[in-house]
Protein chains: 2
Amino acid sequence: MSRKPVERGDLPPLLAEVFRKHGYEGASLALISEATGLGKGSLYNFFPGGKEEMAAAVLADVDAWFEGNVFAPLRDKADAETAISGMLDAVDAYFRSGRRICLVGAFALDDARSRFAERIRGYFASWVDALAAALARAGRKDAAALAEEAVSLIQGAIVLSRALGDTGTFDRTIRGLRKRLTARRQA
Amino acid sequence: MSRKPVERGDLPPLLAEVFRKHGYEGASLALISEATGLGKGSLYNFFPGGKEEMAAAVLADVDAWFEGNVFAPLRDKADAETAISGMLDAVDAYFRSGRRICLVGAFALDDARSRFAERIRGYFASWVDALAAALARAGRKDAAALAEEAVSLIQGAIVLSRALGDTGTFDRTIRGLRKRLTARRQA
DNA sequence: TCCAATTTGTACTAAACGGTACAAATTGGA
DNA sequence: TCCAATTTGTACCGTTTAGTACAAATTGGA
């Protein structure tokens with residue numbers, strides 16, 4: 001019977017929730033310890049670089065998830081229309097109608113940005129570029145501008161949904177994008 | 001010759017920059033003291049409630065600026081088209097092509113939201129409602145949805161511009177909105 | 001000029017912070 | 001079973017935190 005020793009790889013999702021909830025500065029080691037059930041000894045064993053390394057691991061984990069579930073399909077799927085629709089499904093599920101924030105977006109706004117600038121830039125650049133590629137494959141001439149706008153809109157919808165305490169805002173945004181991005185002919 | 005005694009009313013803009021740069025948690029009294037040139041004695045004299053009262057004063061100040069320069073014109077100006085165009089001018093100048101973040105939006109994402117939920121909600125509700133009113137006056141049938149989308153887009157453009165380190169994203173967004181929101185006939 | 005009210009700087013808490021040290025416990029392969 | 005390597009909890013470090021206390025300086029009206 002295999003027990004469940006905690007592995008470093010299990011931690012990023014737990015850490016992510018702490019950073020999402022409290023931000024980089026607000027995520028104290030006490031909160032992290034509580035969320036993971038791990039003492040400082042274990043945490044510094046897994047992440048000798050402390051909080052900064054934990055956040056870096058979380059960002060890498062998020063990035064990897066989006067690369068596998070969102071960016072790569074957008075770039076590679078033969079059928080651009082279903083790739084784009086799939087992106088919207090994945091994004092809707094991931095952000096839970098705006099109840100869950102985008103950690104990378106939040107880091108872009110606060111001063112965690114200075115620590116993780118390149119990772120943050122890379123995440124959004126990949127997203128925009130992958131979506132633009134899919135839109136171009138679908139025959140849209142305004143692919144780059146449309147992709148940039150779509151990603152902006154998703155990020156803004158998260159902000160607005162949370163601010164208004166209304167998941168409807170996010171849901172309407174996703175529905176609107178589905179129409180706009182998968183229109184048969186270009187705008 | 002009138003000297004320049006520091007008044008409480010002078011402080012919110014200075015405090016705002018500290019909160020913008022470091023977030024609510026990251027804005028320590030040491031940083032605030034440095035940014036204002038005021039010691040703790042003075043700060044607690046003006047804001048007996050400490051950091052929370054300072055942040056509340058900043059939010060009230062921001063809210064008042066938008067109410068006067070953005071929301072009220074959108075609601076009251078006879079010419080809806082120029083009111084909307086004026087909003088975009090004001091927003092562009094205020095956020096400086098995305099180099100300056102929206103403090104209210106940033107608070108909506110981090111856990112400052114729990115302290116200032118109602119203020120944050122009110123700010124965005126006022127914005128969306130005022131813009132919707134102007135759009136309706138301009139004869140748009142999709143006014144409410146369009147207003148919600150426009151505010152989302154602005155917020156998202158701030159996130160994306162900063163993440164990519166590219167003010168072009170914000171500028172393109174404003175230009176796109178100007179076209180879309182002031183189109184003579186509805187979409 | 002005078003004096004009460006306001007404003008300010010400094011010293012001071014007590015708690016929380018990130019991080020370190022390190023011995024004890026636990027683990028898994030041989 | 002044994003033992004080296006890993007994992008863990010706890011005590012501790014110096015620093016920084018928000019906030020308080022309060023006397024000294026400054027102010028503006030009378």
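Letters A, B, ... are given to chains in the order of the sequence lines, protein chains preceding strands, and every chain is numbered from 1.
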Whole Å only: how far is the [atom1] atom of [X] from the [atom2] atom of [N]?
X	N	atom1	atom2	value
A:L43	C:dT20	CG	P	13 Å
A:N45	D:dA5	CG	C1'	11 Å
A:F46	D:dG9	CZ	C1'	14 Å
B:L38	C:dT10	CG	P	13 Å
A:E34	D:dG9	CD	P	15 Å

N/O donor-acceptor pairs under 3.5 Å from side chains in residues 122-130 of chain B, not counting sequence neighbours:
residue: B:S126; atom: OG; partner: B:G122; partner atom: O; Å: 2.9

**Fill in**
Pairing string of DNA chain C (Watson-Crick or G-U wobble, both atom distances under 3.5 Å; | = paired to other strand) is ||||||||||||||||||||||||||||||
**Asked** Restricting to pairs with a member in residues 39-52 of chain A, which pass side-chain hydrogen bond (donor to acceptor under 3.5 Å, both in side chains), not counting sequence neighbours?
**Response**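 For residues 39-52 of chain A, and leaving out neighbouring residues, the side-chain hydrogen bond (donor to acceptor under 3.5 Å, both in side chains) pairs sorted by first residue read A:E52-A:R115.
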Holding to side chain to side chain donor-acceptor pair (under 3.5 Å), I want the full list of residues that pass it with [X], two or more places apart in sequence or in another chain.
X	result
B:R113	none
B:E25	none
A:T169	B:E148
B:S85	B:R178

Could you give the side-chain donor-acceptor pairs of residues 11-22 of chain B under 3.5 Å, partners two or more places apart or in another chain?
residue: B:E17; atom: OE2; partner: B:R20; partner atom: NE; Å: 3.2
residue: B:E17; atom: OE2; partner: B:R100; partner atom: NH2; Å: 3.4
residue: B:R20; atom: NH1; partner: B:I101; partner atom: O; Å: 3.2
residue: B:R20; atom: NH2; partner: B:Y94; partner atom: OH; Å: 3.4
residue: B:H22; atom: ND1; partner: A:D111; partner atom: OD2; Å: 3.4

**Message:** One character per nucleotide, please: for nucleotides 14-21 of chain D, 5' to 3', B when the base has a protein heavy atom closer than 4.0 Å, S when only the sugar-phosphate does, - otherwise.
**Reply:** ---SBBB-
**Message:** Quick test of your reading of the model: are A:R137 and A:D76 salt-bridged, counting only N-O distances below 4.0 Å?
**Reply:** no
